[in-house]
Amino acid sequence: KQEVTQIPAALSVPEGENLVLNCSFTDSAIYNLQWFRQDPGKGLTSLLLIQSSQREQTSGRLNASLDKSSGRSTLYIAASQPGDSATYLCAVCNNAGNMLTFGGGTRLMVKP
Amino acid sequence: NAGVTQTPKFQVLKTGQSMTLQCAQDMNHEYMSWYRQDPGMGLRLIHYSVGAGITDQGEVPNGYNVSRSTTEDFPLRLLSAAPSQTSVYFCASSYQGRAKNIQYFGAGTRLSVL
């Protein structure tokens, strides 16, 4: 059974810092990995999707990397802003492409 | 463009009552799914559908039923609510009948079972 772990569970940083969120998974037979953002009381918004054959994906100040063989992904946020405060979740898609398994999320607070 | 719409936003039930959580999408997505989110546990897949007339179980299907009679709608039924079903429920959809594509989520239904 696939298990996805995110460390740390919570993170507080001053504005302007670069930061890294971690995601690990136990079964490397994945189709892709997705990073999501969740604001309090809201649904999830997709940030980045990395195919299993890719090493990284970038969108603006966000960069996600994937090391499938070691079961790890990182989300790098450059020059953090208070508006980045949210919970970030990673999810891996199984090889059949029909199910996602989520991590518990990292709750990020960026202080002005 | 409405995207994925979930109703109701909030619901309180008594143990043993039944109800249906509604989910509708207007993007002509073939893949739809239901998750529950509990504190510290991330999201867990309840049921999913890869197209009209096709449904399958996810990680935590017990106590829940689904059907998919149209592409647009994917309701989740609780036949006899239990306190363990207190949670936030999210519906999601994606293109081409696969979870591997970008997922679009609804705003959620917060359910309390007393």
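Per chain, numbering begins at 1; letters A, B, ... match sequence-line order.
By the neighbour-count criterion of 12 heavy atoms within 6.0 Å, atom OH of B/Tyr64 is densely surrounded, having more than that number from other residues, nucleotides or ligands. By the 6.0 Å contact criterion, CZ on B/Arg77 is enclosed, its count of non-hydrogen atoms from other residues, nucleotides or ligands being greater than 12. Other residues, nucleotides and ligands place more than 12 heavy atoms under 6.0 Å from the CZ atom of B/Arg44.
Within residues 52-62 of chain B, the residues having any heavy atom closer than 4.5 Å to a heavy atom of chain A are B/Gly58, B/Glu59, listed by residue number.
Listed here is the closest heavy atom pair of A/Gly41 and B/Arg110: CA-NH2, 4.3 Å. For the pair B/Ile102 and A/Gln34, the tightest heavy-atom approach, listed with the atom from each and the gap, is CA-OE1, 4.0 Å. Closest approach of A/Leu89 and B/Leu43 over heavy atoms only: CD2-CD1, 3.9 Å.
Under a hydrophobic-cluster definition in which Ile, Leu, Val, Met, Phe, Trp and Tyr are linked whenever side-chain heavy atoms come within less than 4.5 Å, directly or via other members, B/Val88 and B/Tyr48 are assigned to the same cluster. The cluster map of Ile, Leu, Val, Met, Phe, Trp and Tyr, joined by side-chain heavy atoms under 4.5 Å apart, puts A/Leu33 and A/Ile77 in the same cluster. Put simply, B/Tyr89 and B/Val4 are part of two different groups of oily side chains (I, L, V, M, F, W, Y) that touch within less than 4.5 Å, one to the next. If you chain together hydrophobic residues whose side chains sit under 4.5 Å apart, A/Ile30 and A/Leu100 never meet in one group. Linking Ile, Leu, Val, Met, Phe, Trp and Tyr residues whenever their side-chain heavy atoms come within less than 4.5 Å places B/Phe74 and B/Leu21 in a single cluster.
Here the straight-line distance linking atom OG of B/Ser94 with atom CG of A/Leu49 works out to 10.0 Å at 0.5 Å rounding. Taken to the nearest 0.5 Å, the CD atom of B/Gln37 stands 9.0 Å off from the CZ atom of A/Phe102. In this structure, the separation between CE on A/Met99 and OH on B/Tyr31 is 7.0 Å, given to the nearest 0.5 Å.
At a 4.5 Å heavy-atom cutoff, the contact between A/Leu44 and chain B is made by backbone and side-chain atoms alike. Contact of A/Gln38 with chain B is made through the side chain alone, with heavy-atom distances under 4.5 Å. Contact annotation for A/Ala96: only backbone heavy atoms (N, CA, C, O) come within less than 4.5 Å of a heavy atom of chain B.
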